[in-house]
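Keep in mind that this is a model prediction, so the values were computed, not measured. Per chain, numbering begins at 1; letters A, B, ... match sequence-line order.
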There are 2 protein chains.
Amino acid sequence: MRQVRTIRYREIADELRRRVEGGEFSAGRLLPSEAELSGAYSASRVTVRKALEALRAEGLVDARQGFGWFVAGETVRQPLARLATIEAQLEGSGRRSERRILDFGFVRAPARVRRVLGVDKVLQVRRVNLADGDPFARVTVWCPEALGAELSRAQVQQRSFYDLLPVTLGGAVQTIGAAAADERDAVLLEIPVGSPVLVCERITSELGGGAILMAEYVFPGHRTEFIVDLPHPEASIAPSGLRLVE
Amino acid sequence: MRQVRTIRYREIADELRRRVEGGEFSAGRLLPSEAELSGAYSASRVTVRKALEALRAEGLVDARQGFGWFVAGETVRQPLARLATIEAQLEGSGRRSERRILDFGFVRAPARVRRVLGVDKVLQVRRVNLADGDPFARVTVWCPEALGAELSRAQVQQRSFYDLLPVTLGGAVQTIGAAAADERDAVLLEIPVGSPVLVCERITSELGGGAILMAEYVFPGHRTEFIVDLPHPEASIAPSGLRLVE
DNA sequence: CGTGCGCACTTGTCTCATAGTTGTATCATT
DNA sequence: AATGATACAACTATGAGACAAGTGCGCACG
């Protein structure tokens, strides 16, 4: 029988795959550093890295420079309890968050936006939100021209509308639905055309006033989910909840 | 013993979340100052702040400059506390609701259900919910064999599990995601294969205990959407003057 | 008695420093 | 070609500290 020449980095990759899939490193926890693994498996860092990169190619793990290796593929879970920006929630869960502005301009509002905000001309900003470098949401925000007149493209890229607007926010109503990705969103979110997406619409009101901000969010279905904490399920019919659309 | 790599600020965030949710700091009451927490956890103010900001992103706490950190309060919990059974909501909106049981039996639980409920054998009920005669949800419910042993097929057809189970329900956690309809669900819901659906998973716990009921809901995307009312924490914060940290 | 001012304390936001991590080379060895 | 050894750059989490800005409170002063 011929001696099979084992390739060390594949052995290590198999071993690590076993450990990761076995749940040894739960979500959020880091894998041992390359240096530690190097010691544990008596292999050089080069070899350990090759193994880890093989697993990254499979989508099992991922790494950030200066941070470490971690189990990948956990969906972004958005707690749906309070009025917060997605960016804040991402930062809070330790992810890197950026925005890429697609377009920025003052336009005549689409019919529905006109009806909700009660104005004709609006600032419309389309952008893509990235989580750890991957596209994670396509967002369109509309705000009345009067309020948005002071805003610049650079400002909108760096901070959220919630931070920028010079008003006190009163609350919001958000709807969550499912749809199929159209071609434009599919390209932006790097998913196949027709794959399921979560579509949300959020109408934010001024404290004690009417609607001042309207936004549409499109999340890829495989990466995102909302999570709702229900302290007392026996309470009955609510203003919020599931709604049948005609 | 191998050293587990952790991220300090996440540890502190978890610990603080535990303390806040455990009711150690009642609503409106101040948390210890960043300096105190820094000393208590032997971490720098930077790290403590990162933890607190993570909790703020979740909406659990908030802060005001020169004042302190405080629990964001019960006031916001109520509106969301009422996502009751789907049937109750339908009845409330004046629609006729029925259930059609697809199958009813005691089986070995799927892996995930086993992990959540912590039991091996379960009662599994699959059904379709109808609104005004049209299918609008495919539901699968799992409950531990011990609890479901007394239930009959006729019973689950007529009443909801919430009504039937002889325990006091404590709360639930529900996730909402998007997916594509597989063939089986497509037939049941009378929609094309691959069309977008809302997929929800609800884990209900016994009062003061662990998970006792797990359910999966599949709604056709074109007919259903969730609507959520999001109050703003700032609006409900008690004004200054309340300063009660031992 | 009331009012303004300062003091102590808080969060918000910087800077600088350090240790540990991944990313990416180069060169030698088997 | 796979592996080992090494070096360095870029990045991250964390620590320590300084300062600005906001808040609450009590005290001196009018």
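Protein atom CG of A:L52 is 9 Å distant from nucleotide atom P of C:dG23, rounded to whole Å. Regarding A:L31, its CG atom lies at a distance of 13 Å from the C1' atom of C:dT21, rounded to whole Å. The distance between atom CZ of B:F70 and atom C1' of C:dT10, rounded to the nearest whole Å, is 12 Å. Rounded to an integer number of Å, the gap from A:R45 CZ to D:dA5 C1' is 12 Å. Taking atom CG of A:L37 as the reference point, atom C1' of C:dT21 lies 12 Å away to the nearest angstrom. If you take CD of A:Q65 and C1' of C:dT21, they are 9 Å apart, rounded to a whole angstrom. Between A:L30 atom CG and C:dT21 atom P there is a gap of 10 Å when expressed in whole angstrom units. In this structure, CD of A:E34 is placed 21 Å from P of C:dA19, rounded to the nearest angstrom.
Nearest-nucleotide mapping onto DNA chain D: of B:S42 and A:A43, the residue sitting toward the 5' end is A:A43.
Applying the side chain to side chain contact (heavy atoms under 4.5 Å, CB included) rule to B:A180 yields the partners A:P196; only residues at least two apart in sequence or on another chain are considered.
Taking the side chain of B:K50 as heavy atoms from C-beta on, and the options D:dA13, D:dT3, D:dA10, the nearest nucleotide is D:dA13. Of the listed nucleotides (D:dG4, C:dG12, D:dA2), D:dG4 has the atom at the smallest distance from the side chain of A:S44.
Here the side chains of B:I203 and B:E201 are in contact, with some heavy-atom distance below 4.5 Å. Contact annotation: the side chain of A:Y41 approaches that of A:R8 to within less than 4.5 Å [non-hydrogen atoms, C-beta and beyond].
At the phosphate of C:dG12, OP1 or OP2 sits under 4.0 Å from a side-chain N or O atom of B:R56. Look at A:S33 and you'll find a side-chain N or O under 4.0 angstrom from OP1 or OP2 of C:dT21. The phosphate of D:dA13 (OP1 or OP2) has no side-chain N or O of B:T47 nearer than 4.0 angstrom. In terms of phosphate contacts, A:R49 brings no side-chain nitrogen or oxygen within less than 4.0 Å of OP1 or OP2 of C:dT22. Within the 4.0 Å cut-off from OP1 or OP2 of C:dT22, at least one side-chain nitrogen or oxygen of A:W69 is found.
For A:R8 against D:dG4, a side-chain-to-base donor-acceptor contact under 3.5 Å is absent.
Judged purely by atom type and a 3.5 angstrom limit, B:R202 has no side-chain atom pairing as donor or acceptor with the backbone of B:A215.
Salt bridge status for B:R18 with B:E15: present, with a side-chain N to carboxylate O gap under 4.0 Å.
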